[in-house]
K.L.:
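Just passing along the structure, written as structure tokens.
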Amino acid sequence: MEILDSIDRNKLPRHIAIIMDGNGRWARERGEDRVYGHYEGVISVREIVNACGEIGIEYLTLYAFSAENWNRPKQEVDALMELLVNTIRKEIEDLKKNNVKLHIIGDFESLPAICQKELNEAKEITAHNTGLNLILALSYSSRQEIVEATRKIAEKVAAGTMKPEDIGFETFEQHLYTSAFPDPELMIRTSGEYRISNYLLYQLAYAELYFTNVHWPDFRKNNLIEALLNYQQRERRFGKTSEQIQTNTPQHA
Ligand code: FPP
């Protein structure tokens, strides 16, 4: 029996969010430059995207570059941007073929023009795909996203097109970058760090958090399946008691 068969298809998360950490350490442990770890990390990206499509996950969000990552040495930032452009160029045919639809969240305008162009083209090419939604978080800061949403709402209130009493969870969520996606039910962080690092702070409110010591370049399909099996053993209570959950609510609906 393949390990894939041990997954309960009725208890899959619709949306998985991943913090792909440990590329730099993985490379340094091998006496290589940090950038080498990012190159190897792309192989894991490809494998995890394919595995999610195969398993039937609907949404996968990858933290590819945080707003804080701009503060890294210029050589590393440039290498990451170049890697992003080259990877999109190389993978676009497969994304198309595998029915993957690409989305971007984050401060898109702050990316180099060539990245914006490549990403816009890739989004257009995959726009009608109906399989996995691959969401790349680029130049992403969750605090920034929340502040921007608040500002947009405040502007509408000031202009008289929205009333303060109409602001609820739904209105607020409509102003986040992620307005078109359900919240992630599972968040995976690789490389042994136990932090959220300004990632989807609002959207992860009820997500199950899974941490593994495996560095991102070593994180492959079997590791993803392990995370899913772990997720499927958890009881998602949403603030209720265990007894209420067992008698009333479908857990993974
Ligand atoms: C974290 O490792 C990883 C990143 C900041 C970049 C992630 C990028 C990739 C996997 C490649 C490009 C992605 C796509 C979608 C084409 P780190 O450098 O913080 O590692 P460290 O904590 O060991 O220093």
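Order of appearance sets the numbers: ligands from 1, and atoms from 1 within every ligand. Starting from 1, each residue takes its place in the sequence as its number.
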K.L.:
Check whether any N or O atom of G24, backbone or side chain, sits under 3.5 Å from an N or O atom of ligand 1, and answer yes or no.
P.N.:
yes
K.L.:
Could you check whether any side-chain heavy atom of L134 comes within less than 4.5 Å of a side-chain heavy atom of L62, counting everything from C-beta outward?
P.N.:
yes
K.L.:
Do me a favour and list the nearest non-hydrogen protein atom to atom 4 (C) of ligand 1 with residue, atom name and distance?
P.N.:
H38 CE1, 3.9 Å
K.L.:
Taking the side chain as C-beta and beyond, is there a heavy-atom pair between F65 and M81 under 4.5 Å?
P.N.:
yes
K.L.:
What pairs with E173 under salt bridge (Lys or Arg N to Asp or Glu O under 4.0 Å), at least two apart in sequence or on another chain?
P.N.:
none
K.L.:
Ignoring angles and geometry beyond distance, decide whether W26 reaches within less than 3.5 Å of ligand 1 through its nitrogen or oxygen atoms.
P.N.:
no
K.L.:
Tell me, do V157 and I167 make a side-chain contact under 4.5 Å, heavy atoms counted?
P.N.:
yes
K.L.:
What do you reckon, does N69 have a nitrogen or oxygen under 3.5 Å from a nitrogen or oxygen of ligand 1?
P.N.:
no
K.L.:
Specify side chain, backbone, both or neither for E193, according to which of its non-hydrogen atoms lie closer than 4.0 Å to ligand 1.
P.N.:
neither
K.L.:
Starting from atom 10 (C) of ligand 1, what is the nearest protein heavy atom, named by residue and atom, and what distance separates them?
P.N.:
N23 ND2, 3.4 Å
K.L.:
Using distance alone, determine whether W216 and ligand 1 share an N or O pair under 3.5 Å.
P.N.:
no
K.L.:
Starting from the C-alpha separation in whole Å, work towards a yes-or-no answer on salt bridge (Lys or Arg N to Asp or Glu O under 4.0 Å) for D94 and K90.
P.N.:
CA-CA 8 Å; D94 276 349; K90 224 165 86 193; over 6 Å; no
K.L.:
Which of the listed options, R72, R25, M20, H215, holds the heavy atom that is closest to atom 19 (O) of ligand 1?
P.N.:
R72
K.L.:
Please list, chain by chain and in numerical order, all residues satisfying salt bridge (Lys or Arg N to Asp or Glu O under 4.0 Å) with E121, sequence neighbours excluded.
P.N.:
K117
